Amino acid sequence: MADSRKSNGTTPFGFEPKPLLWKDRKRYFGLPISFTRYEFDSDRLTCRIGLFRTTTDEVLLYRILDIKMTQTLWQKLFGVGSIMLYTADQSHSQFPLINIKHPERIRRGLSDLVEKERMEKRLLGRELFGTAAAGLVDIDGDGIPD
């Protein structure tokens, strides 16, 4: 199978891919034996599910509104945890990262990246909350979508 990258490290479309900051798989009993893969770079989070038919979902980090981490007793025993991301995305209002290693470290890292992305784009959380409600935005702040 031929590599889609050219010899200079760019893709056929001419842009250079961003380096991955983290990647992991959904784990069972602490082992990465599933076909669900998670990864994020400096501006987006991607989830790929499947072996023969692969579905790829992605969310831009600045669209993440809230992050919730949970660890059951069994997850603690196997050194994994789950993170639920609540987003302003229309197609994925909830984006789960299930049974990943080092969930506390990943939660903190994602939180820092989300804040960094919002600062770079000069967005406030309240600007994103309006987009989460079916695309309706409250411009004047009176509680009624305009």
Side-chain angles (χ1 to χ4, degrees), residues 3-28 30-72 75-76 78-146:
D3 188 11
S4 64
R5 292 185 185 188
K6 296 181 182 178
S7 61
N8 63 0
T10 61
T11 63
F13 300 109
F15 63 89
E16 203 168 308
K18 294 185 178 182
L20 292 178
L21 300 175
W22 171 80
K23 69 178 182 175
D24 197 3
R25 289 180 179 262
K26 181 178 177 181
R27 295 171 179 265
Y28 293 100
L31 301 171
I33 54 175
S34 76
F35 297 106
T36 301
R37 298 168 307 275
Y38 307 112
E39 59 188 39
F40 66 79
D41 58 25
S42 61
D43 65 346
R44 67 190 67 232
L45 174 69
T46 306
C47 174
R48 289 185 178 83
I49 302 171
L51 174 63
F52 296 115
R53 178 179 167 226
T54 303
T55 303
T56 302
D57 292 325
E58 117 180 340
V59 65
L60 296 172
L61 293 181
Y62 77 88
R63 296 185 64 87
I64 294 174
L65 301 173
D66 197 17
I67 301 172
K68 177 182 177 181
M69 185 190 88
T70 58
Q71 265 188 313
T72 64
Q75 286 176 319
K76 288 179 184 181
F78 290 109
V80 298
S82 297
I83 297 175
M84 179 64 72
L85 305 171
Y86 298 94
T87 71
D89 192 41
Q90 291 291 327
S91 60
H92 297 94
S93 61
Q94 295 181 0
F95 201 96
L97 305 175
I98 301 168
N99 292 340
I100 58 172
K101 283 192 81 121
H102 311 294
E104 180 62 31
R105 186 181 335 160
I106 301 307
R107 184 194 61 79
R108 277 190 255 123
L110 270 173
S111 182
D112 292 343
L113 280 173
V114 166
E115 289 303 315
K116 180 182 166 205
E117 280 293 301
R118 284 188 190 160
M119 295 300 280
E120 285 179 6
K121 296 187 182 329
R122 293 186 167 89
L123 293 173
L124 299 174
R126 64 181 175 178
E127 292 171 338
L128 292 171
F129 281 113
T131 62
L136 303 174
V137 180
D138 180 18
I139 296 173
D140 55 2
D142 63 355
I144 302 170
D146 296 325

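Fair warning: this is a prediction, and the values are worked out from it, not measured in the lab. One is the number of the first residue; the rest follow in order along the sequence.
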Pairwise distance [atom1]([X]) to [atom2]([Y]) - rounded to 0.5 angstrom:
{"X": "Leu113", "Y": "Phe40", "atom1": "CG", "atom2": "CZ", "value": "5.5 Å"}
{"X": "Glu58", "Y": "Arg63", "atom1": "CD", "atom2": "CZ", "value": "12.0 Å"}
{"X": "Tyr28", "Y": "Asn99", "atom1": "OH", "atom2": "CG", "value": "7.5 Å"}
{"X": "Lys121", "Y": "Leu60", "atom1": "NZ", "atom2": "CG", "value": "7.5 Å"}
{"X": "Leu61", "Y": "Ser111", "atom1": "CG", "atom2": "OG", "value": "11.0 Å"}
{"X": "Glu104", "Y": "His102", "atom1": "CD", "atom2": "NE2", "value": "12.5 Å"}

Would you check if [X] and [Y] make a side-chain contact, meaning some heavy-atom pair closer than 4.5 Å?
{"X": "Arg27", "Y": "Val80", "result": "yes"}
{"X": "Leu85", "Y": "Ile83", "result": "yes"}
{"X": "Phe95", "Y": "Ile64", "result": "no"}

Check your understanding: Could you go step by step and tell me if Lys68 and Thr70 meet the side chain to side chain contact (heavy atoms under 4.5 Å, CB included) rule?
Key -> CA-CA 7 Å; Lys68 177 182 177 181; Thr70 58; 4.0 Å; yes
Nearest heavy atoms of [X] and [Y], plus distance in Å:
{"X": "Pro103", "Y": "Gln71", "result": "CG-NE2, 3.8 Å"}
{"X": "Ile100", "Y": "Leu97", "result": "CD1-CB, 4.2 Å"}
{"X": "Pro96", "Y": "Tyr38", "result": "O-CE2, 3.7 Å"}
{"X": "Cys47", "Y": "Thr36", "result": "SG-CG2, 4.1 Å"}
{"X": "Glu117", "Y": "Ser42", "result": "OE2-O, 3.2 Å"}

Using modelled atom types and a 3.5 Å cut-off, is there a donor and acceptor pairing between side-chain atoms of [X] and backbone atoms of [Y]?
{"X": "Ser34", "Y": "Lys26", "answer": "yes"}
{"X": "Arg48", "Y": "Arg37", "answer": "no"}
{"X": "Asp24", "Y": "Lys101", "answer": "yes"}

**Study point:** Atom CE of Met119: over 12 foreign heavy atoms under 6.0 Å
**Key:** no
